[in-house]
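See below for the structure under consideration.
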Protein chains: 2
Amino acid sequence: MDKTKRTRLETAGWRVGDAPDFLELTAEEAAFVELKLALADYLRDIRVQHGWTQTYVARVLGSSQSRVAKMEAADASVSVDLLVKSLLTLGVSRKQVGQVIARAA
Amino acid sequence: MDKTKRTRLETAGWRVGDAPDFLELTAEEAAFVELKLALADYLRDIRVQHGWTQTYVARVLGSSQSRVAKMEAADASVSVDLLVKSLLTLGVSRKQVGQVIARAA
DNA sequence: CGATGATATGTCCGATACGACATATGCGTC
DNA sequence: GACGCATATGTCGTATCGGACATATCATCG
């Protein structure tokens, strides 16, 4: 299993088993987490591409800098709802959102 | 505005203005609701295609019949998280989920 | 018309998500 | 090193979500 991805998952609040890696996550859970990571990464891409700070994005979204940081980290406390709503608010189309999700794992 | 769609939105717990239709929903809100409706419809399609009852699906998901009904109705009390998790659990791939979302409104 | 099975609607309450704030870490620049 | 700015992490109170249950609506069949 990829080291950095593992770290991200653990950091995001998921317990990953020692040796058997993903064996503690069901296939659906794993797919769900990866889907979330994809959205989170995309959110950061959008922000960085525009040269925006997390604080600025937070203001646009009516949220806080810490929440934006957690979104980009795909923290366990952020929902897909929040990620999708945020992307839409930042001008990403529904179609683009779908493409990000559909992109092969 | 389409009559049945309007009814679905209202039923789903959204307040839609009288004459100006969508004017009370921002563009992002509208896109978000439609995205949710797409997932909800797809969930129903999957279920019906397999000849499953809501009760059966509820058991598979570890939920209740009423929740499944609300999911398919895109009720305001169901999140995109729940819809996505449910679809994945029912065997739909992440890619398929993305395609459903990306499908042009 | 019952009666049965499927779906829809309404409410409750325990669980979780979210915004907020404080604080920590990092990283240039002086 | 110290300052300023961006990002990360931890926690709290409240709002929303979700499973459960009750009940309602609606077919279909006898």
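Sequence lines set the chain letters: A, B, ... in the order given, protein chains first and strands last, and positions in each chain run from 1. Please read all numbers here as calculations on a predicted model, not as lab measurements.
Between the P atom of D:dA6 and the CD atom of A:Glu72 lies a distance of 14 Å, rounded to the nearest Å. The CG-P distance, from A:Leu61 to C:dG19, rounds to 8 Å in whole Å. One can place CE of B:Met71 at 15 Å from P of C:dT9, the figure rounded to the nearest angstrom. Taking atom CZ of A:Arg44 as the reference point, atom P of D:dT7 lies 8 Å away to the nearest angstrom. Between the NZ atom of B:Lys85 and the C1' atom of D:dG18 there is a distance of 10 Å, given to the nearest Å. As rounded to whole Å, 19 Å separates atom P of D:dA15 from atom CG of A:Asp81. Rounded to whole angstrom, the span from the CZ atom of A:Arg59 across to the C1' atom of C:dA20 amounts to 17 Å.
Heavy atoms only, all atoms of each residue included: A:Ser64 and A:Ala58 are closest at C-CB, 3.3 Å. Residues A:Leu88 and A:Arg94 share a closest heavy-atom pair of CD2-N, 3.9 Å. Shortest non-hydrogen contact noted between B:Ser79 and A:Asp81 is CB-OD1, 3.3 Å.
Put simply, B:Ser79 has a side-chain N or O that comes within less than 4.0 Å of OP1 or OP2 on D:dG18. For C:dG19, one of the phosphate oxygens OP1 or OP2 lies less than 4.0 angstrom from a side-chain nitrogen or oxygen of A:Ser63.
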| request: Using a 4.0 Å cut-off on protein heavy atoms (strictly under), produce a 5'-to-3' string for nucleotides 21-30 of chain D with B for base contact, S for backbone-only sugar-phosphate contact, and - for none. | output: B---------
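Applying a 4.0 Å cut-off to non-hydrogen atoms, none of the residues of residues 48-57 of chain A approaches DNA chain C.
The distance from atom CE of A:Met71 to atom CG of A:Leu43, rounded to the nearest 0.5 Å, is 6.5 Å. Rounding to the nearest 0.5 Å places CD1 of B:Ile46 at 12.0 Å from OG of B:Ser86. Taking CG of B:Leu39 as the start and CD1 of B:Ile101 as the end, the distance is 4.5 Å to the nearest 0.5 Å.
With a 4.5 Å cut-off on side-chain heavy atoms, B:Gln96 and B:Tyr42 count as touching. Within the 4.5 Å cutoff, no side-chain heavy atoms of A:Val97 are placed close to those of A:Leu83. Under the 4.5 Å side-chain criterion, counting only non-hydrogen atoms from C-beta, B:Leu90 is in contact with B:Leu61. In this structure, the side chains of B:Trp52 and B:Val60 stay at 4.5 Å or more apart for every pair of heavy atoms.
Remark: the backbone N or O of A:Thr26 is paired with a side-chain donor or acceptor of A:Glu29 at under 3.5 angstrom.
Across all strands, B:Val78 comes closer than 4.0 Å only to sugar-phosphate atoms, never to a base (heavy-atom distances).
In this view, B:Gln99 satisfies the side chain to side chain donor-acceptor pair (under 3.5 Å) rule with no residue, not counting sequence neighbours.
Within the structure, salt bridge (Lys or Arg N to Asp or Glu O under 4.0 Å) contacts touching residues 44-69 of chain A (residues at least two apart or in different chains) are A:Arg44-A:Glu72, A:Arg47-A:Glu72.
A salt bridge does not link A:Lys85 to B:Glu28: none of the charged nitrogens lies less than 4.0 Å from a carboxylate oxygen.
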Write out a two-atom table: protein N or O, nucleotide N or O from nucleotides 14-16 of chain C, distance below 3.5 Å.
none

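From one end of the helix from C:dC1-D:dG30 to C:dC30-D:dG1 to the other, with five pairs defining each end axis, the axis direction shifts by 30° (rounded to 10°).
Distances were taken from every side-chain heavy atom of B:Leu82 (C-beta onward) to each of D:dT9, C:dA17, D:dG18; the shortest belongs to D:dG18.
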